[in-house]
Structures are given as structure tokens and as C-alpha cells.
Amino acid sequence: YQFHMAAFFFLSGYMSHPEKRSFIRTFFDKFFSVLLPAIVTVLFGLIVLWLLHLGNYDITLSAWEFPGWSQALRTFFLRGDIYVDVLGANWFLITLFGVCILNRFIYLLTYKSPTYHMLICAGLYIIGYVMVDMGHIPHIGMFPLDLVLIGNFYFQLSIQEYLCSENNTLTHKRNFQ
């Protein structure tokens with residue numbers, strides 16, 4: 001659990017280059033490229049589960065019985081519960097959207113200071129693990145706050161690594177010109 005989650009957010013941060021986008025642009029880019037496909041996939045999965053339910057096959061082929069549309073939609077959008085077994089990995093995408101937005105917000109809050117940004121991310125990482133340890137996992141809508149706080153640390157760590165390697169490359173090129 002810890003390795004693949006950390007690796008996913010580390011690689012996502014390394015590839016994202018958030019310093020090149022505004023908060024609004026980041027929000028819309030990530031909404032259309034990460035969150036919307038995750039939501040559509042879950043809704044499609046719920047339709048399949050509902051069709052299985054109509055034929056009384058939902059219990060046979062899934063660990064979940066279809067709870068009804070209002071319950072399924074309410075728990076998905078308010079708590080992030082995904083009733084379709086094979087779509088359980090969609091929490092990665094939902095959490096990634098939360099991580100991207102939180103990270104961009106911290107970036108604006110720290111006046112683009114990498115040191116303060118990393119310190120805030122480290123503090124939030126600790127808070128995320130305290131939440132897990134206490135068994136108290138609050139959600140902001142469909143976003144699990146503990147995972148967003150923990151994932152944000154790895155995301156920012158990779159951005160720091162990318163920026164440091166980019167600065168070293170520029171310095172190295174300048175020395176040889």
C-alpha cells in the first residue's frame with residue numbers, strides 16, 4: 001500500500017510541472033483530465049452493477065449489492081465510496097485531483113518559496129498519518145483528506161526533485177558554454 005501510493009504520487013508530481021500553470025488553469029486541466037474521467041468511469045460501473053442487479057447477478061459477480069441510485073450517488077459524491085469492485089482503484093484519480101488542487105493552493109500561499117512549500121507539505125503529511133493512526137478519516141466530498149494530505153507530500157517531493165535537477169542541468173550547461 002505505501003510503496004505504490006507513494007510511487008504513483010511521486011511520478012504524477014514529477015510529470016505535472018505545476019509551476020507553469022495558474023490555479024484556475026490547474027483546476028480545469030485536472031478536472032477534465034483526471035476527475036471527470038474517474039467520475040464517468042464510476043458512473044458507467046454503477047450502470048453495469050445496476051444492470052446486473054436487474055438480473056439478480058449483482059451478488060454473484062460482485063461483493064456489493066446495488067444499493068439504489070440515490071444511495072450510490074450520494075455516498076460516491078459525499079464520501080467517495082465506490083460500489084464497483086473493479087473500479088476501486090479510481091480512488092487514486094480522485095485523490096490525485098485533490099492533491100493537485102491542494103498543492104497549487106499551497107504554492108500560492110507560500111509565495112512560490114520551495115522551502116516553505118515543502119515544510120507545509122511535510123506538516124500536512126504528518127497530520128494525514130495521524131488521521132490514519134487515529135482511524136478518523138474525514139472526507140471533503142468524495143476526497144479522502146488523509147490520502148490527499150499524504151499524497152501531497154510525495155507529489156511535492158518529486159516537484160522539488162525535478163526543479164533541483166532542472167537547475168543543476170542549467171548550471172551545468174552554463175559552465176560549459
Side-chain angles (χ1 to χ4, degrees), residues 1-42 76-82 87-177:
Y1 171 78
Q2 283 194 327
F3 174 77
H4 72 277
M5 180 185 171
F8 173 78
F9 289 110
F10 188 87
L11 292 173
S12 296
Y14 196 80
M15 305 295 243
S16 71
H17 311 294
E19 72 282 353
K20 298 178 181 178
R21 292 188 213 107
S22 68
F23 182 81
I24 299 297
R25 174 113 189 253
T26 299
F27 180 86
F28 283 106
D29 284 353
K30 296 303 177 185
F31 177 80
F32 286 109
S33 66
V34 176
L35 188 60
L36 189 59
I39 291 171
V40 169
T41 304
V42 169
F76 173 62
F77 286 107
L78 296 179
R79 288 196 331 240
D81 291 344
I82 301 171
L87 298 178
N90 266 0
W91 71 266
F92 270 105
L93 296 175
I94 294 165
T95 304
L96 178 61
F97 178 80
V99 164
C100 291
I101 299 306
L102 175 64
N103 194 278
R104 191 67 188 154
F105 181 72
I106 295 169
Y107 178 77
L108 294 174
L109 212 72
T110 58
Y111 302 108
K112 304 176 184 178
S113 167
T115 305
Y116 291 138
H117 194 149
M118 198 64 221
L119 287 172
I120 289 173
C121 291
L124 293 175
Y125 173 81
I126 292 167
I127 292 169
Y129 266 107
V130 167
M131 287 178 185
V132 170
D133 193 43
M134 293 174 54
H136 178 68
I137 301 170
H139 281 72
I140 298 175
M142 68 177 74
F143 307 101
L145 193 55
D146 61 330
L147 298 178
V148 170
L149 297 179
I150 293 167
N152 182 58
F153 175 75
Y154 296 108
F155 190 83
Q156 181 58 29
L157 194 63
S158 68
I159 291 171
Q160 294 292 121
E161 167 59 28
Y162 175 80
L163 293 175
C164 287
S165 66
E166 191 174 80
N167 285 341
N168 289 340
T169 302
L170 290 175
T171 304
H172 183 70
K173 283 181 181 178
R174 252 187 260 134
N175 289 340
F176 286 101
Q177 287 182 350

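Positions are given from 1, in the same order as the sequence printed here.
- Using a 4.5 Å cut-off on side-chain heavy atoms (C-beta onward), L149 and I126 make no contact.
- To the nearest 0.5 Å, atom CZ of residue F155 and atom CG of residue L96 are 6.5 Å apart.
- Between F97 and F31, the two ring planes are perpendicular [angle over 60°; tilted spans 30° to 60°].
- Rounded to the nearest 0.5 angstrom, I140 CD1 and F143 CZ are separated by 9.0 Å.
- Nearest approach of N103 to H117, heavy atoms of both residues: O-CE1, 3.4 Å.
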For V34 and C100, what are the C-alpha separation, side-chain angles and deciding distance, and is it a side-chain contact (heavy atoms from CB on, under 4.5 Å)?
CA-CA 10 Å; V34 176; C100 291; 5.9 Å; no
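- Minimum heavy-atom separation, P37 to F32: CD-O, 3.4 Å.
- Distance check: F23 CZ to T26 OG1 gives 8.0 Å after rounding to the nearest 0.5 Å.
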Could you please spell out the steps behind the side-chain contact (heavy atoms from CB on, under 4.5 Å) verdict for I137 and L145?
CA-CA 7 Å; I137 301 170; L145 193 55; over 6 Å; no
Hey, mind stepping through M5 and I150 against side-chain contact (heavy atoms from CB on, under 4.5 Å) and telling me if it holds?
CA-CA 9 Å; M5 180 185 171; I150 293 167; 4.0 Å; yes
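- Here the CD1-CD1 distance, from I94 to I39, works out to 7.0 Å after rounding to the nearest 0.5 Å.
- Side-chain atoms of V42 and F76, non-hydrogen and from C-beta on, do get closer than 4.5 Å to each other.
- In this structure, the ring of F10 has its center no less than 6.0 angstrom from the ring center of Y154.
- Between L93 and N90, some side-chain heavy-atom pair lies under the 4.5 Å cut-off.
- Between M15 and S12, every side-chain heavy-atom pair lies at or beyond the 4.5 Å cut-off.
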Could you walk me through whether L157 and M118 satisfy the side-chain contact (heavy atoms from CB on, under 4.5 Å) test, starting with their C-alpha distance in whole Å, then the side-chain angles of each, then the deciding distance to 0.1 Å, before giving a yes or no?
CA-CA 7 Å; L157 194 63; M118 198 64 221; 3.7 Å; yes
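- In this structure, the side chains of M142 and D81 stay at 4.5 Å or more apart for every pair of heavy atoms.
- Closest heavy-atom contact between V99 and L147: CG2-O, 4.5 Å.
- Ring centers of F9 and H4: at least 6.0 Å apart, outside the cut-off.
- In terms of heavy-atom proximity, C121 sits nearest to N152 at SG-ND2, 3.1 Å.
- To the nearest 0.5 Å, the span separating CD1 on I106 from CG on L102 amounts to 4.0 Å.
- Residues Y125 and F153 bring their aromatic ring centres within 6.0 Å.
- With a 6.0 Å radius and a threshold of 12 heavy atoms from other residues, nucleotides or ligands, F105 has its CZ atom at or below the threshold.
- Of all heavy-atom pairs between P144 and T95, the closest is CG-OG1, 3.7 Å.
- In terms of heavy atoms, T110 sits closest to Y107 at OG1-O, 3.3 Å.
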